[in-house]
2 protein chains.
Amino acid sequence: MIPLDRYQRDKGKPTRVQVYAALRDAIVRGELEPGQQLSENSLAGRIGVSRTPIREAIGRLREDRLVETVPQLGTFVARVNPTAIGDAQFIRESLECAAIRLSAQVAKEEDVAELEENLQGQDRARAAGDLDSFYLLDDSFHHALCDLSGHLSVWIVSERAKAHLNRIRRLSLGMPNYLDEMISEHRLVLDAVAANDPDLAERHLREHLRTVLREVPRMRAEHPDYFEGP
Amino acid sequence: MIPLDRYQRDKGKPTRVQVYAALRDAIVRGELEPGQQLSENSLAGRIGVSRTPIREAIGRLREDRLVETVPQLGTFVARVNPTAIGDAQFIRESLECAAIRLSAQVAKEEDVAELEENLQGQDRARAAGDLDSFYLLDDSFHHALCDLSGHLSVWIVSERAKAHLNRIRRLSLGMPNYLDEMISEHRLVLDAVAANDPDLAERHLREHLRTVLREVPRMRAEHPDYFEGP
DNA sequence: CCTGGGATACTTGTATACTAGGAGCGTGCA
DNA sequence: TGCACGCTCCTAGTATACAAGTATCCCAGG
């Protein structure tokens, strides 16, 4: 259930970081369902380490608001919070749009070539219907665009802040025509960056990011138990 | 040396959160100097709790990049990293400027009145030469402006991301005329918000935030041991 | 049949014991 | 004198033991 092996190739005892990555991924991918309880003891037993590293991993998840823990009672996978999604979207949009303005100004041919290759990979993943690969390529695409700005820590901050948003993103991939839309929007963004046009790049990126957000109501209708509150 | 009592009024055993807040404050205020070693054992003994809550607090500080730990060797207060400052400034600027655009659109009279009161407090703190109070009021001012946007988690993310920047901010307060400059810039921002002018508010805020950044070279000249690498 | 109380089996939080590894110093040998 | 080896102490990392609190189930009693 917890895809630890994806983050732990060396087969030694997993570290807290690997435990964190595995749990986070399992939550974002929906393998651990909202509301489900995460027992430190059973996780420790199943993974084969003591409670200490498990606790540290859960502590990070708590800061990401991916889990909620009630003292002396239990730790539970958080439901998706619509307010948190809105906030995450705002943060993501602010950071990525600001970054891409710089990126568009400094992008060299080789940078564009690399992004181009990624984009073709997205096309292949779509043709193969491989949602997992597409999700990873999508992330790499935005990550690379962000890093081009030179502010490497922006992606790190953004990544942690948009955990709730990622859960929606992951869910949305199954919608019909959604991948086509994503790819053609990525194309527009990349072309603007290649043309070193910050204004156009920002506009297309902002539009693209909001496409994701527009899926929220549909996701909520399809997976009502994923969401919390009003 | 560690002002734990500032975060722990009830005199019970301090929690990990209180330990984190106290250590973070001590580092930002410069009471714990860059390069200084933080021993989990001695901290635990001095504060009167076991290593476990200390470790969790140090774990968060590590994520903030305020400390660096070398396994089996020790944990050390990080030196201020110029790259980290640049990144923090970029993140802060992106988030706060985006937020204030919304804030300026929705600000009501009572919001402005509250900010006005804060601003007068800043004036009193300047007159009294009370840097600590000024720093707190400055933070509240930006915090309140940010929250007006409705995206409450923006401040939380920004706060954690700009830890390195805060260390500079705190150092800069001693510069002559610096407080006057801060206050008059706050005035410009607040007036633009009161006038519900997003563009003007953003422009003044961006200008204000960069004033802080301009102090970095001077701080580096005065406290060379605070900084790392080129 | 319904309700109340208590044992019990969980939970997280904290404290402590143990492990592995690096730093530094002192001693002994060349 | 200088270098090298080894011992000792300290570190973080991990495992385990203990404490405190909550939900649940079962049984007794009305």
Side-chain angles (χ1 to χ4, degrees), chain A residues 1-2 4 7-8 10-24 26-27 32-79, chain B residues 1-2 4 7-8 10-24 26-27 32-79:
Chain A
M1 178 180 284
I2 295 147
L4 232 173
Y7 297 95
Q8 185 222 0
D10 50 7
K11 303 301 172 197
K13 277 198 181 180
T15 71
R16 55 186 173 186
V17 179
Q18 291 168 331
V19 173
Y20 166 76
L23 287 176
R24 189 180 209 273
I27 293 175
L32 292 173
E33 292 181 6
Q36 180 174 342
Q37 184 165 11
L38 291 182
S39 161
E40 296 181 358
N41 270 320
S42 83
L43 281 176
R46 196 156 1 144
I47 295 180
V49 295
S50 77
R51 273 182 61 208
T52 308
I54 302 287
R55 274 187 66 76
E56 306 204 354
I58 286 184
R60 290 192 64 171
L61 293 173
R62 187 166 41 232
E63 290 175 15
D64 295 343
R65 297 189 176 280
L66 285 175
V67 302
E68 291 168 3
T69 127
V70 182
Q72 271 66 23
L73 209 168
T75 300
F76 306 88
V77 177
R79 296 183 192 282
Chain B
M1 177 180 282
I2 296 149
L4 230 173
Y7 297 95
Q8 186 222 0
D10 51 7
K11 303 301 175 199
K13 277 198 180 179
T15 71
R16 56 187 173 184
V17 179
Q18 291 167 332
V19 172
Y20 166 76
L23 286 176
R24 189 181 209 272
I27 293 174
L32 292 173
E33 293 181 5
Q36 181 174 341
Q37 184 165 11
L38 291 182
S39 160
E40 295 181 359
N41 270 319
S42 83
L43 281 176
R46 192 147 14 133
I47 294 180
V49 294
S50 77
R51 274 181 60 207
T52 308
I54 302 286
R55 273 186 65 77
E56 306 205 354
I58 286 184
R60 290 192 65 170
L61 293 172
R62 186 166 42 231
E63 290 175 16
D64 295 343
R65 299 191 175 279
L66 285 176
V67 303
E68 291 168 3
T69 125
V70 183
Q72 271 65 28
L73 211 168
T75 299
F76 307 88
V77 178
R79 295 182 192 283

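In what follows, chains carry the letters A, B, and so on, assigned in the order in which the sequence lines appear, proteins first and then strands, with residues in each chain numbered from 1.
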Residue-phosphate contact under 4.0 Å: Thr75(A) side-chain N/O, dT11(C) OP1/OP2: no
Closest approach to the side chain of Gln72(B), judged atom by atom: which nucleotide of dG21(C), dT16(C), dT12(C) is it? dG21(C)
With sugar-phosphate meaning primed atoms plus P, OP1 and OP2, does Arg55(A) contact a base, only sugar-phosphate, or nothing at under 4.0 Å between heavy atoms? base
List the atom pairs, with distances to 0.1 Å, where a side-chain N or O of residues 67-79 of chain A and a protein N or O form a donor-acceptor pair under 3.5 Å, not counting sequence neighbours.
residue	atom	partner	partner atom	Å
Arg79(A)	NH1	Asp225(A)	O	2.7

Report the residue (Gly48(A) or Ile58(B)) whose heavy-atom-nearest nucleotide on DNA chain D is the more 5′ of the two. Ile58(B)
Residue mapping more 5' on DNA chain C - nearest nucleotide basis, Thr52(A) or Leu73(A): Leu73(A)
CD1 of Ile27(B) to CG of Leu38(B), rounded to nearest 0.5 Å, is 6.0 Å
dT16(C) P sits how many Å from Arg51(A) CZ, rounded? 16 Å
How many Å lie between CD on Glu40(A) and P on dT14(C), as a whole number? 11 Å
How would you give the extent of chain B contacts on DNA chain D, as first and last nucleotide 5' to 3' within a 4.0 Å heavy-atom cut-off? dT11(D) to dT14(D)
Quick check on side chain to side chain contact (heavy atoms under 4.5 Å, CB included): which of Arg16(B), Gln18(B), Arg24(B) does Tyr20(B) satisfy it with? Arg24(B)
Any Asn41(A) side-chain N or O less than 4.0 Å from OP1/OP2 of dT12(C): no
Between Phe76(A) (CZ) and dC10(C) (C1'), how many Å, whole number? 11 Å
Please identify each residue that fulfils salt bridge (charged side-chain N to carboxylate O under 4.0 Å, His left out) with Glu63(B), with sequence neighbours left out. Arg60(A), Arg160(A), Arg160(B)
Considering only heavy atoms from C-beta outward, does the side chain of Val19(B) approach that of Leu43(B) to under 4.5 Å? no
Out of curiosity, Leu32(A) CG to Leu61(A) CG, how far, rounded to the nearest 0.5 Å? 9.5 Å
